[in-house]
*Asks:* 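Okay, handing you the structure first.
Numbers here are sequence positions counted from 1. Hydrogens, waters and symmetry mates play no part in the numbers below; they use all other heavy atoms, side chains included.
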Amino acid sequence: MDCLYCVLGFLLLAARWPLDAAKRFRDVLGNERPSGYMMEHIQLNGWSSDENDWNEKLYPVWKRGDSRWKHSWKGGHVQASLTSDSPALVGSRISFVVNLVFPRCQKEDADGNIVYEENCRNDTGASPEQYVYNWTTWAEDSDWRNGSGHGHHNVFPDGKPFPRHPGWKKWNFVYVFHTLGQYFQKLGRCSARVSIDTANVTLGPQVMDVTVYRRHRRTYVPIAKVKDVYVVTDQIPIFVTMSQKNNRNSSDEIFLRDLPIMFSVLIHDPSHFLNKSAIDYKWNFGDNTGLFVSSSNTWNHTYVLNGTFNMNLTVQATVPGPCLSPSPRPPPFTTSLVPTSDNTWELRESPDENCQLTRRGYFTASITIIEGILEVNIIQMTDVLLSMPQPDDSLVDFVVTCQGTIPTEVCTIISDPTCQMAGSTVCDPVDVNVGDPCSLIVRRAFGRPGTYCLNLTLGDDASLAFTSTLVSIPGKGTTSPLRMANGALVTVGCLAVFITVIAFFMYKKHKEYKPIENSTGIVVKGKRLNIFLSHAKAVFLSGNKEKDPLLKN
């Protein structure tokens, strides 16, 4: 009897052994979850249940910390980066992108092979080899040589064959995406992208796991694992930016009184789910100015009192779409319900039926309003005349006025005439008596003659007000105006003597009188040279004016 029990036990173990040995997707991907998890979600289009078997012979499974991970990639480790456009409004599509980051000096070429970058040195120095992995050669040695490519190894972990799209032989990475108790397999290169419809996904945070394998002749080797959390929500994801002129730091939600604040709303909708929706923006700024409704995503509002205000925004989108059937339930006695083939009842959809779904998004902020510098103006510029000459610098005083609070700091930036290339920057504290009107004199030095752009900023702890102007600095000589005039007279005298000598010889050579022709320009050429010389003789050879040929005309 004991032997019989031993035999029966052995048979039971033998019968159970294949079940225990077979790997499933949920075992390989390691996502711990309760049984029946997938039943909470509708089947994702194109995805499969992770209860399916995993081909461990073709796709080996290594646990975390296995020593074989250290040799899964030549020259280092491959990192996988997983990103998504989460959060996603329920009913929209959410996309996931995986990018592989290779070790230093490695990249993927046009044929899908991994090669070493030229003139790049890693920790071991420059590699004399060209290829890290030459999959093109491997393909030529395999059953792809005849062009068929239908080998038993050209399949996914669940046994499904690779899709035969153009260029698929150059795609040497297998990506396995896993979420909501389902998986999706994809053949790709160093990057892969998938999208899912969130219409029936449970609201809240979810996890996406990705495992990446590389081709190794007729098998595959795991090289990276990565996971990321994404969020599905029934509220429209919105972001609001607030900006204000003269505000020193808009991120602290402290703004200035009597200046408009610009509110800009950005709806996070990367799949364009709300493109055909009517969207309204309802503003309540918390200052008893009422409720403002607009179809524009921007709005300006000015607070006229100091204090703290609670601003509220509601974004409402009316999404057109087909009417959804309710969940099956015991039918009431009505003629609008008809039996179906499986003896359950459902609400039939009318061809003319058009339902609208309303989704809302919310934003709140606590805004503090204080006084600040509202405006600054340069009303006068004056050259500074000093008792001691300063040939290198020109000093200019700028008379500046402002409105609002008294500034504590003044800064100037001197740049080129286009105000693009900044030069010197000078900041000084402002010493203004409290209660006095905002008026001050700012003195700045300019190094050389020319035209400058002056940017002037007045600031305090919460505000910055600026203005700009063009400043023209004339050239300065090294001598006094009187000495400059005397020098000019000496130069003119020397020139006169020189012209007189030339005129005398020209007169002796050409004794005949030639009438003077009218000239519209002073061109020292041809006959017009005679005009110039005749005038010179009239000035410097003033003998008997009655004998001057000019009187004969």
Side-chain angles (χ1 to χ4, degrees), residues 41-42 44-47 80-99 177-180 184 191-210 226-244 249-253 255 261-286 291-301 310-322 324 355-367:
H41 310 278
I42 194 172
L44 298 176
N45 185 26
W47 291 59
S81 172
L82 174 62
T83 58
S84 70
D85 49 22
S86 170
L89 180 63
V90 62
S92 67
R93 296 189 66 82
I94 183 171
S95 297
F96 302 86
V97 177
V98 180
N99 291 299
F177 294 81
H178 182 236
T179 189
L180 305 175
F184 183 84
S191 180
R193 179 189 181 95
V194 298
S195 299
I196 61 175
D197 191 344
T198 64
N200 292 281
V201 175
T202 302
L203 301 181
Q206 307 293 344
V207 178
M208 174 67 76
D209 295 274
V210 182
V226 65
K227 65 174 57 179
D228 191 27
V229 176
Y230 63 98
V231 177
V232 179
T233 177
D234 60 351
Q235 295 187 5
I236 302 174
I238 60 176
F239 304 90
V240 178
T241 61
M242 297 175 283
S243 60
Q244 184 186 43
N249 181 16
S250 297
S251 62
D252 59 5
E253 298 184 352
F255 296 92
I261 305 173
M262 174 175 284
F263 299 86
S264 299
V265 184
L266 173 64
I267 295 179
H268 182 70
D269 184 28
S271 65
H272 310 294
F273 176 67
L274 300 176
N275 266 15
K276 298 182 180 179
S277 304
I279 302 177
D280 292 325
Y281 302 85
K282 301 178 181 180
W283 302 89
N284 187 340
F285 296 99
L291 179 66
F292 302 92
V293 181
S294 171
S295 60
S296 173
N297 66 330
T298 60
W299 191 270
N300 288 338
H301 185 74
N310 294 321
M311 189 275 288
N312 292 275
L313 167 67
T314 300
V315 179
Q316 179 174 302
T318 303
V319 185
L324 301 178
C355 292
Q356 292 181 338
L357 180 67
T358 300
R359 296 294 183 192
R360 294 180 177 87
Y362 304 95
F363 176 82
T364 61
S366 179
I367 297 177

*Asks:* Tell me whether the centres of the aromatic rings in Trp299 and Tyr281 are closer together than 6.0 Å.
*Replies:*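 Not close enough - the centres of the two rings lie 6.0 Å or further apart.
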*Asks:* Of all the heavy-atom pairs spanning Val98 and Ala80, show the shortest one and how long it is.
*Replies:*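 Looks like CG1-CB, 4.3 Å.
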*Asks:* Taking C-beta and beyond as the side chain, do Ile267 and Asn297 meet within less than 4.5 Å on heavy atoms?
*Replies:* no
*Asks:* Give a yes or no on whether the backbone of Ser296 and the side-chain of Ser294 come within a donor-acceptor separation of less than 3.5 Å.
*Replies:* yes
*Asks:* In Å and rounded to the nearest 0.5 Å, what is the CZ to OG1 distance from Phe263 to Thr298?
*Replies:*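 It comes to 11.5 Å.
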*Asks:* Before giving the answer on side chain to side chain contact (heavy atoms under 4.5 Å, CB included), spell out for Asn310 and Ser366 the whole-Å C-alpha distance, their side-chain angles and the decisive distance to 0.1 Å.
*Replies:* CA-CA 5 Å; Asn310 294 321; Ser366 179; 3.8 Å; yes
*Asks:* Grab the two heavy atoms, one from Met242 and one from Ser250, that are nearest each other, plus how far apart they are.
*Replies:*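 In terms of heavy atoms, the two residues are closest at O-CB, 3.3 Å.
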*Asks:* Quick check: does any side chain N or O of Ser86 sit under 3.5 Å from a backbone N or O of Val231, one acting as donor and the other as acceptor?
*Replies:*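 It does hold such a pair.
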*Asks:* Starting at CD1 of Ile238, measure out to NE2 of His268 and round the result to the nearest 0.5 Å.
*Replies:* 13.0 Å
*Asks:* Could you measure the distance from the NE2 atom of His178 to the CE atom of Met208? Nearest 0.5 Å is fine.
*Replies:*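 If I round to the nearest 0.5 Å, the distance is 9.5 Å.
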*Asks:* Ring pair (Phe, Tyr, Trp, His ring centres under 6.0 Å) with Phe184: which residues, sequence neighbours excluded?
*Replies:* Trp47
*Asks:* Run the side-chain contact (heavy atoms from CB on, under 4.5 Å) test against Ser243 and tell me which residues pass, sequence neighbours left out.
*Replies:*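 side-chain contact (heavy atoms from CB on, under 4.5 Å) list for Ser243, sorted by chain: Met262.
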*Asks:* Examine distances only and state if a side-chain atom of Thr233 and a backbone atom of Leu89 form a donor-acceptor pair shorter than 3.5 Å.
*Replies:*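 Looks like no, no N/O pair under 3.5 Å.
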*Asks:* Got a donor-acceptor contact below 3.5 angstrom from the Asp85 side chain to the Ser95 backbone?
*Replies:*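 Indeed, once roles are kept as given, a pair shorter than 3.5 Å links the two residues.
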*Asks:* Without swapping roles, check the side chain of Thr314 against the backbone of Tyr362 for a donor-acceptor pair under 3.5 Å.
*Replies:* no
*Asks:* Nearest 0.5 Å, what's the CG-CG distance between Asn200 and Leu180?
*Replies:*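 Asn200 atom CG to Leu180 atom CG measures 11.0 Å (nearest 0.5 Å).
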*Asks:* Please give me the minimum heavy-atom distance between Ser84 and Asp228, naming the atom from each residue.
*Replies:* OG-OD2, 4.1 Å
*Asks:* Please examine the side chains of Val319 and Phe273, heavy atoms only from C-beta on, and report whether any two atoms are closer than 4.5 Å.
*Replies:* yes
*Asks:* Can you list the steps and then say if His301 with Ile261 is a side chain to side chain contact (heavy atoms under 4.5 Å, CB included)?
*Replies:* CA-CA 5 Å; His301 185 74; Ile261 305 173; 5.6 Å; no
*Asks:* Among Trp283, Phe239, Phe363, whose side chain to side chain contact (heavy atoms under 4.5 Å, CB included) with Val265 holds?
*Replies:*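 That would be Trp283.
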*Asks:* So, do Tyr230 and Thr179 sit near enough that their side-chain heavy atoms are less than 4.5 Å apart?
*Replies:* yes
*Asks:* Do the side chains of Thr202 and Val232 get nearer than 4.5 Å, heavy atoms only?
*Replies:*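 Result no, sub-4.5 Å side-chain heavy-atom pair not found.
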*Asks:* Under a 3.5 Å distance rule, please check whether Thr198 uses its side chain to pair with a backbone N or O of Arg93 as donor and acceptor.
*Replies:* no
*Asks:* I need the minimum non-hydrogen distance between Leu274 and Ala317, along with the two atoms involved.
*Replies:*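 The pair with the smallest heavy-atom distance is CD2-CB, 4.2 Å.
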*Asks:* Where is the tightest heavy-atom contact between Ile236 and Arg359, given as atom of each residue plus distance?
*Replies:* CD1-O, 3.4 Å
*Asks:* Roughly how far, to the nearest 0.5 Å, is the OG1 atom of Thr318 from the CD1 atom of Ile279?
*Replies:* 9.0 Å
*Asks:* Is it true that, when you exclude Asn45 itself, more than 12 heavy atoms of the residues, nucleotides or ligands shown sit nearer than 6.0 Å to its CG?
*Replies:* no
*Asks:* Any donor-acceptor pair under 3.5 Å linking the side-chain atoms of Asn99 with those of Ser191?
*Replies:*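 Side chains of Ser191 and Asn99: pair found under 3.5 Å.
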*Asks:* Rounded to the nearest 0.5 Å, how far apart are CD1 of Ile196 and CZ of Phe96?
*Replies:*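 Here the rounded value is 4.5 Å.
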